[in-house]
Every structure is written in structure tokens, then in C-alpha cells.
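Everything below concerns the one structure shown next.
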Amino acid sequence: MKKMDNTAAGSWTPDDNPTPPTVKNSCHPNLKMFIASLSFAYFAKALSGSYMKSTITQLERRFDIPSYLIGIIDGSFEVGNLLVIAFVSYFGAKLHRPKIIAIGCVLMSFGTFLIAMPHFLIGRYKIETSVRWSVNSTNNLSPCPASSPESTRAGDRPSLLNSRGCERESSVSMWIYVLLGNILRGIGETPVQPLGISYIDDYAQTENAALYIGCVQTISIIGPVFGYLLGSLCAKIYVDIGYVDLETLTITPSDARWVGAWWLGYLIAGIITLMSAVPFWFLPKSLPMPVDKHDSSCTPEQTRFIKDSPTMEHKFRPEEPANLQQMAKEFMPTLKSLLGNPVYVTFLCVTIIQFNSLIGMVTYKPKYIEQHYGQSASKANFLMGMINIPAVALGMFSGGVVMKKYKLGIMGAAKFAFGTSLLGFFLSLFFFAMGCENSKVAGVTVSYTGVEGLSYQEQSLFSECNSGCLCSRRDWDPVCGENGITYVSPCLAGCSSSTGSGKYTVFANCSCVALPDTQQVNLTASLGQCPRSDSCDKVFPYFLALSVLSSFIISLGGTPGFMLLVRCIRPELKCFALGIHSLATRTFAGIPAPIYFGAIIDTTCLKWGNKMCGGRGACRIYNTSAYRTLYLGLTLGLRTASFFLCYPGFALLKRHIKMEERNALTNGSAELESLRKEENSSTHCEQFIPASDCIPDRETRL
């Protein structure tokens, strides 16, 4: 290979590297190492992020907080990104990208460990229950304490929650540690995507870049598979495992008060994230640039909109000294140039709206499965990890393969992404037809005689059948009567005696439990809510199948859409554009979406739990119909809004492509004329010296 012209600004010189390496059709070994390392980092961050979402209901119950507050905790990850994303993506592109990614992985692991810390600072989890044990016996006291006329008129008695340790726990909200840990996770995750993806796109063959990025994105989807499976495993394990006799527990994993070992998964995820930082410390700052990065035979649509200067002769990214003062001066002009690209801005607006829909839907989907179909948190996480997430991974990978096989240009990628999103939208409309009825809870969703359509009020919990008991309307200790109706507590069911212990306790002589159309009264009740109707169990498999199909189709457009983002801006702005894209989506989607989705879900709550020290705790039961309508309606409504922006986006994209094609033809004619002059001059030169030393390396120039 000929030595490169050392007169080009920023090019290699013979003294710098007498024989610079050439990358033609193979992948550089260090690039392979970087792709493997980045894939592992994506896996680690995706695992910890999905595990966070799998523990939403566990955190709600453990810290007695509503859904909107969980949304704030979940969105705090994006706040961490917001604090540093613009500076990391801008300055990081000019510094040692692999080492910056390594530092980010270390910060992510520390944040994950911080999230688990409250478990070791607070006391044991105390279950909200109305079952009272006698002091010197294994027998239960009567669930129905006798009431006097005065107490009956009062209509309530103090809750039996243990108030010991109340002062200690109320002095500081332990969920603050979870919030701070998630912010630290967000700061650490910041450099992984913009610096990692731009590194691959810089040093990979143009035709292979989409496939490599698709592989990394696919592995990042595999991370949530293990994250949700880890969440499923930990949700089965009781939070205070090793310190509590499980035989004495009166709740099961399907109970609304159950809290799993949420802290254990964060310790495991933190260790994995810390391990992912190791390989990046040994990778170089830059790699040889592939020859085809400056191949003028490619059309602008196949490469990028704005070509490099036709006089650029180097094959390698120039190693410029890091001048922080100069970079700071160029920050605002660079940002103005980036936001002056109408295609990029339109694409940014579309993705912000769609990310609002996606993030809100994914954040609360396990909870939706729990509340709507009566599944346990463990099973909901298992289904998300084993069925839904693999479909997304397959779709992301298939999208990259389709783009490579059919050599989709920018317009082709945009049409493909739009088509898959629209088809997935129409399929998602069928979710409205796959609903379940509200659980039959006496005094909440049905009357004590079984009549549906009751408008819940606290006084509706009391009836003539339990008027002889001094019951609390604040307790939530559900029992399932023989008549298939759930009662808020054994006391409100009118039960006067009980047998057994732990989760096997059975309540007898329940005055409110009666079979309709029969004379049987004073039947028994067992701990826990009654199971859902058979019709709900039958529709649940269809919900899962449609969820898998729609997720696969929508994710098909993920990789082409991402490549559209990468190729619609100038090469030197690529890393910065990815950073601004992450900044915008996290600011206007990642932060607000979980909060307002959670706040809307809170409006469908029918019965709230109570904190140990008083005040409203986590929701115990939701209005299923309202939950379905608001959750699905908001998700699909946001997607509908994004489609309206796609039409002007296609018009701008088409106009931009034509403009760049004209510019490419003009630049190509000028370069052809320059080459002809060189050939003419070389004819005269060959009369005195060999032609091989006279004609510059054409491959290098192109």
C-alpha cells in the first residue's frame, strides 16, 4: 500500500506509521472484542433495568407507596442520564471512548448496590392483617370481636397493625435510597449507547454496521429475559427469608401483600454490571477506518446524507489532541447545526411520542397482568421474560437481517419502520376485547347479597350480617367464602371462629357467607382472594399470543429506525446526535411517562392499604375495567399521535435525499475532472520516473 499524502490535514504521515494497517473486508480483532464487550455491557444494563421494572409491585408494597411515586423512582434513572448525557456524548467522542464506557459500568454497579441497601437498614416486613393470636396458645382469637352500641355507631375499630418501630421508620423514607441508586445507575449508563454505537459505526464496514448494531441490540434484549426471570425467582422468595418461619405466614405469593426478596436480585445485577467494565480498560482509543467508508461508488442514500469532503484522503480517523476549551466553544454551534436538520428533528419528535407509549406500557405491563388476570408477580415476570422479551429480541435481529439482505436505503428503512409500527398498532386494538370482569369483593365491587355494580364507599363495607362485630374498615386481610365472593377481612365476613394456622387457617360460622337460592348460611372462608372466573383464565392465553405477535412486528422496525437516525446526520455529528436523541427521549419520555401512567393507574384503585404509622399505603385492589381502558387507551393514543408526524417526515426525507443526490453529482463531476488532470500530468511524469511512483494512490483518495 502506498504511503498516504501527508499534506492532508489530520492525515497520517510516514513518520507516524510507515505501514498503517488496511481494513478491507474483514472485521478487525479489536473491533470484534469491542462488539463482544459492548454486548455484555448492554446485557448487564438491560438486566438491571428490567429487574427494576419487575420489582415495581414489590417496592410499592415494601415501602407502602402509590404507583405514581414508583413512576418517579423509575424515571429517576433518566434523570441521571439527563444530568450528563449531552456532555458525555459530545466530549466523550473526542476522548478515550472504551475507558469512559468502563467508568460508566462501574458507576452503574455502585448504583445497583445502593438500591438494595434499604433492606439491610430497615426492620422486618410486617404484614397488614386482622388475624389475632392469643398470647399463650396457638389458637386464634375470635375474628369477630363483640361490639357495643357505641362502637357499632362508630363503625370502626383501631387497626391491629403493630406500631413498634413506627418512629424509626417514619424518620426517613427508605425509598429515597432506591431513588438515589437509580439516579447513579442512570449516570453510569450514559456513555454506553452513544459512544458504543458510534464506535462500531466508525470502524465497521458500512454494509456490516447495521448487522453489528442489530446483534448488540439483540443481546441487549436478551438481558431483560434474564432480568425478568431473576425477578420471577426473587418474587417467589419471601423478603425476610432466613429470619421468618415461613410456616407461620398467612399469605402466599399471589396475595396483594406479598413482598419477595427484591433486594437479592439487585446484588446479583450489581456484580454482573461490575464485571462488564473489565474488558473496556484494555481496548484502544481508535481503530483503522475501513476503506469503504470513503468509497464514492455508494450513493448518498446507501451511506449518509452529507458526504465527507472529496479531498479527504486519509482512511483513518485523525488522532486530534483533546482541547477542552476549543470543544466547549464549538458546543453551541454544533448543537445549532444538528437541530437545523429537519429530518433529524422530525424523527426525534416521532420517537419521543412513541417512547412515551412504549416506556409507560412496558413499565406497568407486569402489574397489568397481575391485576387484570389475577396472576402472581412471579408468574407475570416469568411470562414477560420467557415469552414477550424473546419475541422483541427476534424482531430486532430480524430487522437488521432484512436491512442487510435487501440493502435498504434510508427511505426504505423509514418505510419499513413505519409499516411495522402501524401493523402492530392495529393488532394491539384487539387487547380491548380481551378483558376480565372485576373480582367479586363484598362491599367493594359487589354488595353482600352478590349484586354487582356497587359504587365503593367505606361505609359500604359494613352490613347487617357483620353489625355484631367491631371491624376495621382500614384492614385488608381478604378471605374467600364458599360462595365465591371475597371479603375484605374475616371480621367483615362475620366469621366467629377459626381453625388451623398460617396460610392453612380456615374461618367458620361466617354470618355474611351464604349461598344464593339456598338456605345455607354461616359457611366457612379460607385465607386469600377467590380465584378469577373461568372465562378470564380462558382469555389469558390469547392475550399472551397477541402480545408476542404485536411485540415481534413492532420491534422489526427497531434496527432500521435506529440506522435512519445514524445516517441522517453528518459523520462528525453522529455521536453527538445519538447523545441528543438519548437526552430528548429520556427527558420527555423516560422521566414523565412512568409518572403520569402511574398517576392514571392510581385513579382506578378501589381499596388502599394502610401504612404502619398511619396514612395511605399501596393499593390492594383495582377497578379492572377502568384499569384496562385507561392503560391501553393511553398507550395506543400516544402511538396514534406519532403517526400524524410521520407524513411530513416522509416529505422532508424525500426532499433531503434528492438534494443530497444533486450535491453528490456536482461533487463527483469536480472530482472526476481533478482525476483527469492528474492522469494528464502523470503522462508527462512517466517520461522521467516510473508511473507507480508518479500517480497517487487512487484508492486512498476515494
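As a basis for the values below, the full set of heavy atoms in this structure was taken, side chains included, without hydrogen atoms, waters or symmetry mates. What you are looking at is a predicted structure, and each value in this text was computed from that prediction instead of being measured.
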Would you please indicate if the ring centroids of Tyr51 and Trp262 are separated by under 6.0 Å? no
Under the side chain to side chain contact (heavy atoms under 4.5 Å, CB included) test, residues paired with Leu82 that sit two or more places apart: Leu583, Thr587, Ile591
Can Gln354 and Ser642 be counted as having a side-chain donor-acceptor contact under 3.5 angstrom? yes
Atom CZ of Phe588 with >12 non-hydrogen neighbours under 6.0 angstrom: no
For Val488 and Asp475, the nearest pair of non-hydrogen atoms, with its separation, is CG1-O, 3.2 Å
State which residues pass side-chain hydrogen bond (donor to acceptor under 3.5 Å, both in side chains) with Ser54; sequence neighbours excluded, sorted by chain then number. none
Report the distance from atom OG1 of Thr363 to atom CD1 of Ile601, rounding to the nearest 0.5 Å. 9.0 Å
Can you list everything that forms a side chain to side chain contact (heavy atoms under 4.5 Å, CB included) with Phe430? Sequence neighbours excluded, please. Leu546
Is the Cys491 SG less than 2.5 Å from the Cys469 SG? no
Starting at CG of Asp255, measure out to OG1 of Thr250 and round the result to the nearest 0.5 Å. 7.5 Å
Donor on one side chain, acceptor on other, Tyr373 and Lys379, under 3.5 Å: no
Considering only heavy atoms from C-beta outward, does the side chain of Ile115 approach that of Asn182 to under 4.5 Å? yes
Can you list the residues that meet the disulfide bond (SG atoms under 2.5 Å apart) rule with Cys234, with sequence neighbours excluded? none
If every non-hydrogen atom of Gly590 is compared with every non-hydrogen atom of Ile359, which pair is closest and at what distance? CA-CD1, 3.6 Å
For the residue pair Phe110 and Leu184, establish whether any side-chain heavy-atom pair is separated by less than 4.5 Å. yes
Just wondering, do Pro253 and Lys236 contact through their side chains at under 4.5 Å, heavy atoms? no
Rounded to the nearest 0.5 Å, what separates atom CE in Met108 from atom CD in Glu189? 6.5 Å
CA sep, side-chain torsions, deciding dist, call: Leu69, Phe63, side chain to side chain contact (heavy atoms under 4.5 Å, CB included): CA-CA 10 Å; Leu69 198 51; Phe63 300 108; over 6 Å; no
In sequence, state the C-alpha distance, the side-chain angles, and the governing distance for Tyr631 and Thr604, and then conclude on side chain to side chain donor-acceptor pair (under 3.5 Å). CA-CA 10 Å; Tyr631 173 73; Thr604 67; over 6 Å; no
Taking the side chain as everything from C-beta on, heavy atoms only, tell me whether Phe507 gets closer than 4.5 Å to Leu527. yes
Check Cys495 against Ala525 and note the closest heavy-atom contact, atom names and distance. SG-CB, 4.4 Å
Is there a side-chain contact between Ser526 and Val479 (heavy atoms, below 4.5 Å)? no
side-chain hydrogen bond (donor to acceptor under 3.5 Å, both in side chains) partners for Ser625, two or more places apart: none
Between Arg616 and Asp64, is there a salt bridge with N-O shorter than 4.0 Å? no
Could you verify whether a donor N or O on one side chain and an acceptor N or O on the other, from Asn388 and Tyr228, lie under 3.5 Å apart? no
Heavy-atom pair of closest approach, residues Ser67 and Tyr364: O-OH, 3.2 Å
Taking Asn509 for the side chain and Ser496 for the main chain, is one N or O donor matched with an acceptor at less than 3.5 Å? no
Distance in Å, Leu180 CG paired with Trp175 CH2, rounded so as to fall on 0.5 Å steps: 9.5 Å
Between the main-chain N or O of Ser357 and the side-chain N or O of Arg639, is there a donor-acceptor pair closer than 3.5 Å? no
Below 30° counts as parallel, above 60° as perpendicular, anything between as tilted: where do the rings of Tyr448 and Tyr487 land? tilted
Can you see which heavy atom on Thr112 is nearest to which on Ser48, and at what distance? OG1-CB, 4.4 Å
Minimal heavy-atom distance between Phe120 and Leu267, with the atoms involved, is CZ-CD1, 4.2 Å
Kindly determine whether Gln529 and Ile621 satisfy side chain to side chain contact (heavy atoms under 4.5 Å, CB included), including the steps that lead there. CA-CA 10 Å; Gln529 287 183 250; Ile621 184 172; 4.2 Å; yes
Trace of the side chain to side chain donor-acceptor pair (under 3.5 Å) decision for Thr624 with Asn438: CA-CA 5 Å; Thr624 302; Asn438 284 316; 3.2 Å; yes
Counting only heavy atoms not in Phe432, do more than 12 fall under 6.0 Å of its CZ? yes
Residues passing the side chain to side chain contact (heavy atoms under 4.5 Å, CB included) test with Ser232, sequence neighbours excluded, are Ser378, Asn381, Phe382
Would you say that Phe431 contacts Ser550 through its side chain, given a criterion of any heavy-atom pair below 4.5 Å between the two side chains? yes
Side chain of Ser498, backbone of Val506: donor and acceptor closer than 3.5 Å? no
With a 4.0 Å cut-off on N to O distance, would you call Glu60 and Arg257 a salt bridge? no
Could you tell me whether the side chain of Ser472 and the main chain of Arg474 form a donor-acceptor pair under 3.5 Å? yes
Could you walk me through whether Phe597 and Leu630 pass the side chain to side chain contact (heavy atoms under 4.5 Å, CB included) check? CA-CA 9 Å; Phe597 264 80; Leu630 293 177; over 6 Å; no
Tell me whether Arg61 contacts the main-chain N or O of Ala256 through its side chain, where contact means a donor paired with an acceptor under 3.5 Å. yes
Does either side chain, that of Ser547 or that of Lys365, offer a donor lying less than 3.5 Å from an acceptor on the other one? yes
May I ask you to check if Arg124 and Tyr243 form a cation-pi contact, with NZ or CZ under 6.0 angstrom from the six-membered ring centre and within 45° of the axis? yes
With distance as the sole test, does His372 use its side chain to make a donor-acceptor pair with the main-chain N or O of Tyr627 at under 3.5 Å? no
Determine, stepwise, if the pair Trp608 / Arg620 fulfils side chain to side chain contact (heavy atoms under 4.5 Å, CB included). CA-CA 6 Å; Trp608 292 93; Arg620 301 306 187 193; over 6 Å; no
Counting C-beta onward and ignoring hydrogens, is there a side-chain heavy-atom pair between Tyr368 and Leu632 closer than 4.5 Å? yes
Would you give the length of the straight line joining atom CG of Leu121 to atom NE2 of His119, rounded to the nearest 0.5 angstrom? 10.0 Å
I'd like to know whether CZ of Phe226 has more than 12 heavy-atom contacts from other residues, nucleotides or ligands below 6.0 angstrom. no
If you measure only the distance, is there a donor-acceptor pair under 3.5 Å linking the side chains of Lys367 and Thr57? no
Quick check: do Leu492 and Ser489 have side-chain heavy atoms less than 4.5 Å from each other? yes
